[in-house]
Structure formats: structure tokens, C-alpha cells
Amino acid sequence: MEKRIGIYPGTFDPITNGHLDIIQRGLKLFDLLYVVVPNNIQKNTLFTVEERISLLKEVLKDYDNIIVTSTDKLTVDFAEEVGAFAMLRGLRMVSDFEYELQLSAINKEIKKDIETIFIMSSHDLSFLSSSSVKELAKFNGDISKFVPNVVAKALLKKIKK
Ligand code: ADP
């Protein structure tokens, strides 16, 4: 049978337990999942692309069906190149919906064969975002519940600088 390949694109600045939840649940749908960071997007990130990739690799190192990488291509082009049939995205609140709907509509317009598959966040993680974790870390809040250990360490180090 053909391998079911998917991609999970995101900024991951940094990866949180919310992303991890989507990845773990998303893996039920795919034989191979690319977690991919676009490096052509002008976003004000705390971590560089290399740092974000290295944290993702560390956190996901035990999964042999996940490949972590970055790309300078358009996400849908990357998906096509690796033979993915779908892109995975997470949905938290209603506020994610408008943005995600627009994004998936544009992507569909560019490549009609590639689907966007949404997974609703687990309700106890629906408030969690990379930005809120960064805010919390800045004010010395306890972030250990929201991000994997290595990420918490990297965040504290970064913020002290
Ligand atoms: P982007 O800049 O592409 O939105 P993010 O790293 O912020 O990158 O998010 C990547 C994907 O993960 C998005 O679909 C986002 O909605 C989803 N996501 C982020 N945090 C959570 C969470 N706590 N629960 C479910 N999905 C989430």
C-alpha cells in the first residue's frame, strides 16, 4: 500500500505541548509526517529557524515516522515535492478559524489535490500558544506545564540574554 505522507507546517517559536498534541494525534492519519518550518516568512521570532528546528528535533527524536526540516518553498509546493496528500493544522478557538479558513482556501486554489486537515485542540490546551508561553517566561511564570523540558530551558536561557 502507498505510504500516507503528511506535513505539519508552522512557525514553532517554540514548539509547545499544544503542537505536540496535534502531532501525536495527527500521526494516526499518516505513515510519515514532515514537521516543517518555512524559513522565507518575515516574522519577528524569538528563536532563529536553526534554533526552532533543533528544538523540534530534540523533542521529536523518538519518532521514527517524523522528519523535521525547514523549507524556503511555498508550503504547498513543499508538500507536493515530498509526496504529501495533506497538510495538518490545529484549531484552537473561533479566532483561529478565520485565518485558517483563508489560508486553506488559498492553498486549495494553488494546489487543488492537497488537502488541509484540521484537528481541534484538546480543550485543556486550547488556550496555549507559543506567544503566551513567551510572555509568561518573560515574567518568570511557570512554563513547565506548557512546553517540553528542553524548550523550557532554552526559553529561560534566551530570555535572560
Ligand atoms: P503559524 O505561524 O503557521 O500559525 P504556529 O507555530 O503558531 O505557526 O502554529 C502551527 C499550527 O499549530 C497552527 O495550525 C496552529 O493553529 C496550531 N496550534 C498552535 N498551538 C496549538 C494548540 N495549543 N492546540 C492546537 N493547535 C495549535
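This is a predicted model, so every value here is computed, not measured. Just so you know, ligand 1 is whichever comes first in the structure, and atom 1 is the first atom listed for that ligand.
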Pair Y34-F30, ring pair (Phe, Tyr, Trp, His ring centres under 6.0 Å): steps then yes or no: CA-CA 10 Å; Y34 285 84; F30 306 105; over 10 Å; no
Pair up each side-chain donor or acceptor in residues 139-148 with any protein partner under 3.5 Å, not counting sequence neighbours, and list the distances.
| from | atom 1 | to | atom 2 | distance (Å) |
| --- | --- | --- | --- | --- |
| D142 | OD1 | S144 | N | 3.1 |
| D142 | OD1 | S144 | OG | 2.7 |

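- Partner L20 forms a side chain to side chain contact (heavy atoms under 4.5 Å, CB included) with one of N17, I22, T16 and no other, that one being N17.
- If you take CZ on R52 and NZ on K57, they are separated by 14.0 Å, rounding to the nearest 0.5 Å.
- Note on K134 versus D13: salt bridge recorded, some NZ/NE/NH1/NH2 to OD/OE distance being below 4.0 Å.
- Near ligand 1, residues Y8, P9, G10, T11, F12, G18, H19, I22, K43, R89, G90, R92, D96, E100, S121, L125, L128 each place a heavy atom inside the 4.0 Å sphere around the ligand atoms.
- With hydrogens and angles disregarded, a donor-acceptor distance shorter than 3.5 Å links the side chain of E51 to the backbone of T48.
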